[in-house]
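One structure is given below, encoded as structure tokens.
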Amino acid sequence: MATLSFWGGVGTVTGSKYLLESNGRKVLIDCGLFQGLKELRERNWQDPPFDPESLDAVIITHAHVDHTGYLPRLVKLGFDGPVFASRGTCDLLKLLLPDSGRIQEEDADYRNRHGLTRHEPALPLYTEEDARETLTHLKPVANDGESVEITEGFRASFRVAGHILGASLVLVEIEGAGDDGKGRKVLFSGDLGHYDQPIVKDPAPPPPCDYIMVESTYGDRLHEEERPEEKLAEIIHDAVKIGGPILIPAFAIGRTQELLYLIRELEEDGKIPILPVRVDSPMAASATQIYNRAREEHDEEYVSILSRRVHPLRTRSMITASTREESKRLNDEKGTRIIISASGMMTGGRVLHHAMRILPDEKATLIFVGFQAAGTIGRRIQDGADEVKIMKQNVPVRCRIEKIGGFSAHADWKGVLRWLEGLSEAPRHVFTTHGEPEAAAAMAGHIRDRFGWMVSAPEYGQVFELE
Ligand SMILES: [Zn+2]
């Protein structure tokens, strides 16, 4: 008998962890950190619901921390097996996991210094060193549908999911898992990309399968029709007219590269003047190199730009600041320039140093290009605060605030249906995961209405027997 159980990424978009068990073997798909609400974050600290030492292998769909950030904890608690992921995902994890370890250490440090801890001293969930140890478990595989052995009785194949670089749909084939003694195929969509997103390919069609787990982040919403490049050009023209700088807080991986791609395109088409572009984030600089090297992930347009010997992620007058000194030098610049810096929700990082200069400047423009979660500085500014506290200083907000809504790395519910249309036969059961409860339920409804399949939105801890 084989089972599938749900230990995260259900009822929430974070903490993704799905466990497949068959014939005494256990394989975990994704190993994400819970984020956001306190009761969710506390799960990161509880004993895991399965013994890490008993797992035979882990499979990762993509590099985002809500799918991978618990891995170093798992290793720290005794997991000693291989971690399979696409080559692009493995490259990004080499940046992301040590950074996540550093953040955990800084958090513990902060709690200790401010007496915010229940147990003395506060300990990090894991350290940068634990994260580096985790990297030695990585087994990079091709993202092209080739099947690899995961452990005895389990094989898996990875295909492009079009969400961020390296993101995969993963098909797991389990020998003898069915009631009839035959094998069963379980497909994990991971996070599914938005069709026609620049740089990365569109999601590959779903391969035939018995069970399917599909994400539902936007299960109850549709994306705005707005074309981000047009809005961006408009805002840049306005900024040029008044001669002020532009600051764009952006995630270092994914969104920053998308912005560079669009700005380069607008410059090439003569839709905006050539302006100084400053990328101030060491992680964004490394991620951009990984994006440009990962040939198997590029869409046709990207390949055709490369064939013209143009760097798709370099604008005409661009400087990347990696060191602290390079970053400081950017402060002396004057006039209209575009500064792209992390973090995307202004929760930390170099973007805060720029914000202290930009926010009080009436001529400056701040552009939001991503979701701003409740409780972040980004959200307070977006909600219209006239003053925010940054590094213990009160900073007045006098600059222009703009928002571009057309960016997204996730398919909306129509995009998910479009992807599911690629299935030639009805699966035995569909699970809607990776969504807030209303979104997961709405996505299940859309699938039922459209295809008439068996669909459910699983709950935390639910165990499902494969037939
Ligand atoms: Zn993701």
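Atoms within each ligand, like the ligands themselves, are counted from 1 in listed order.
Looking at His62, its N, O or S atom nearest to the Zn ion (ligand 1) turns out to be NE2. Minimum-distance N/O/S atom of His163 relative to the Zn ion (ligand 1): NE2. Per residue Asp191, closest N, O or S atom to the Zn ion (ligand 1): atom name OD2. In His64, the N, O or S atom that comes nearest to the Zn ion (ligand 1) is ND1.
Under 3.5 Å, the side chains of Ser168 and His62 contain no donor-acceptor pair of N or O atoms.
Remark: Arg155 pairs with Ser147 by the side-chain hydrogen bond (donor to acceptor under 3.5 Å, both in side chains) rule, at least two apart or across chains. Among residues two or more places apart in sequence or in another chain, the side-chain hydrogen bond (donor to acceptor under 3.5 Å, both in side chains) test is passed with Ser189 by none.
Looking at Glu106 and Arg102, no side-chain N of the basic residue comes within less than 4.0 Å of a carboxylate O on the acidic one, giving no salt bridge.
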